[in-house]
Amino acid sequence: MTQKESALNKKNSSWSGRFNEPVADLVKKYTASVGFDQRLAVFDIQGSIAHAQMLGAQKIISLDDVNAIEAGLAEILLEIEAGQFEWLLDLEDVHLNIEKRLTDKIGDAGKRLHTGRSRNDQVATDVRLWLRATADDVILGLKKLQLSLLDLAEAHYDTVMPGFTHLQVAQPVTLGHHLMAYVEMLKRDTERFVDCRKRINKLPLGAAALAGTSYPIDRELVAKKLDFDGVCENSLDAVSDRDFAIEFTFAASLVMTHLSRLSEELILWSSPRFAFIDIADRFCTGSSIMPQKKNPDVPELVRGKTGRVYGHLTALLTLMKGQPLAYNKDNQEDKEPLFDTADTLLVTLEIYADMMRGITVNKENMRQAASEGFATATDLADYLVKKGMPFRDAHEVVALAVRYAVDKKVDLSDLPLASLQHFASEISDDVYAVLTLEGSLNSRNHIGGTAPAQVKAAIARARKSIN
Ligand code: ARG
């Protein structure tokens, strides 16, 4: 019997015994998840094999059955990998599709696989297995992006740029220091995924539909076979909660937040008004009407896709908030947001790591921008404090000097000593050393400061902690 033929008795034989009429076609379409949950197939098979082996070890089914199940599932896996498996909407979801195929292949042994199990604990297990692997991919993606940022930071550990607050030139920083801020963010993001993985990595199987099962199962054995750190300790919780998925999506949202901020900066910096950087052509597109344009599409899309991931987080939180214990069909709606979150995040991390390698920096323009806008005004105030003036007074004195320089359309460092002394008699020749960009940078020489020596040290520390 082919897969098609066996499914042609329209009713879903897994549960149709209780029903007087077949499910309406539209309802089938509405309730089926096979269109999207088939990507869990590998994990569904893994989980089934571990479950069957446990049933065998506990003498709940025979070892012959276990062998038949393993062999049948191995064949099915090959069919799926070869793209030859026919997914049938009539069979609702990935679980029933695989189970039906198994039963067609091996008969009664296939029908024994579901002993002591429900799709409720099965699907929760599948999602956790998939998400665990995905979290590992994300952690690797975060690492690669950090390494890419580190390379750029290293090349520019002493490249001067204006540091901004309120998007106004504030104080000089180095580009390396600026980039290392993102490395810090991604470091915390990585910690979040590592931590979230611990809570993903618990086994729901054994919870069965909601209350556990009357068979003498060994949950620890299944957990061990599937590399889980332990079992979910309450059956109702095991089948119904999806907090691990929400946590993952939240951690993903934060990564996207960080990358969206960086994207916004890349967009600004690459605009001809700033002209701080150039993004490699392979990450940009042109305009169909304006020949001069080179648009930073990739960072713009990262910024846009961030909203999409936030949407998934909101969807998942909302999905759970009204559900009474235990499993409800609502939970089937967890998959698409979760899958799309992972897909969006993984591809974003990958493209970002490559894009950062394709950035060229216009050091001259960055430097020029840092030397406009009185970026070293704070340094002058600090200079006066070191000469004995209280900080608030120094702040006032420098504000007056800045106003004077603005009127004269010159920088503070362009004012002759006599004019500066007019504002504070404490000022002497040595003031020009602190008014330079390098003087300002080098003076912030403590852990977390922007002095190039500190940036270098921060890069070295980060490399060590990443590897
Ligand atoms: N496709 C379902 C899901 O994703 C599997 C669990 C179905 N359980 C049930 N009692 N109908 O949640």
Side-chain angles (χ1 to χ4, degrees), residues 7 11-19 22-48 51 76 80 85 87-103 111 113-134 200 202-213 232 234-246 248-249 312 315-343:
K11 288 183 174 181
N12 190 321
S13 56
S14 307
W15 45 254
S16 60
R18 183 192 177 303
F19 289 72
V23 172
D25 279 340
L26 187 58
V27 174
K28 263 187 209 162
K29 275 195 200 139
Y30 195 70
T31 56
S33 55
V34 65
F36 49 84
D37 67 14
Q38 53 182 268
R39 73 186 277 177
L40 295 174
V42 178
F43 302 99
D44 193 70
I45 289 174
Q46 257 179 37
S48 288
H51 177 69
I76 292 172
I80 293 170
F85 190 93
W87 298 101
L88 299 172
L89 195 81
D90 278 322
L91 293 172
E92 228 179 292
D93 57 25
V94 60
H95 324 291
L96 297 180
N97 267 270
I98 291 177
E99 194 185 320
K100 180 75 168 66
R101 181 77 182 131
L102 182 67
T103 303
K111 295 186 193 162
L113 169 62
H114 212 52
T115 312
R117 183 177 80 168
S118 151
R119 274 186 296 156
N120 297 351
D121 57 346
Q122 186 179 358
V123 70
T125 302
D126 291 6
V127 173
R128 282 172 185 263
L129 284 171
W130 172 81
L131 195 56
R132 180 179 73 186
T134 304
I200 295 171
K202 299 277 179 195
L203 174 77
L205 274 180
L210 74 162
T213 177
C232 299
N234 178 290
S235 62
L236 297 165
D237 178 47
V239 291
S240 68
D241 211 333
R242 295 292 183 265
D243 54 1
F244 62 93
I246 295 173
F248 177 94
T249 308
H312 295 326
L316 289 176
L317 285 165
T318 313
L319 178 68
M320 296 312 298
K321 71 182 272 294
Q323 288 193 51
L325 295 184
Y327 178 87
N328 303 277
K329 189 79 168 184
D330 313 39
N331 276 352
Q332 182 166 289
E333 288 288 310
D334 64 352
K335 286 166 205 65
E336 286 163 295
L338 190 57
F339 291 160
D340 190 68
T341 295
D343 293 342

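What's counted below: heavy atoms across the whole structure, side chains too, no hydrogens, waters or symmetry copies. Counting starts at 1 for both ligands and their atoms, following the listed order.
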Ligand-side contact atoms (ligand 1) for residue partner Ser33, heavy atom cut-off under 4.0 Å: 1 (N)

Residue Lys335 vicinity, atoms of ligand 1 by number, heavy atom under 4.0 Å: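 Atoms satisfying the 4.0 Å criterion: 3 (C), 4 (O), 12 (O).
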
Quick one: look up the protein heavy atom nearest [atom] and list residue, atom name and how far away it is.
| atom | answer |
| --- | --- |
| atom 11 (N) of ligand 1 | Arg119 NH2, 3.7 Å |
| atom 7 (C) of ligand 1 | Tyr327 OH, 3.5 Å |
| atom 10 (N) of ligand 1 | Asn120 OD1, 3.0 Å |
| atom 1 (N) of ligand 1 | Gln332 OE1, 2.8 Å |
| atom 5 (C) of ligand 1 | Asp93 OD2, 3.5 Å |

So, [X] side chain and [Y] main chain: donor-acceptor pair closer than 3.5 Å or not?
| X | Y | answer |
| --- | --- | --- |
| Asn97 | Leu88 | yes |
| His51 | Gly116 | no |
| Asn234 | Leu236 | yes |

Residues Asp237 and Lys202 bridged, charged N to O under 4.0 Å: no

SB check Asp334 Arg242 (cutoff 4.0 Å): yes

Salt bridge (Lys or Arg N to Asp or Glu O under 4.0 Å) pairs, two or more places apart, involving residues 118-134: Glu92-Arg119, Asp93-Arg119

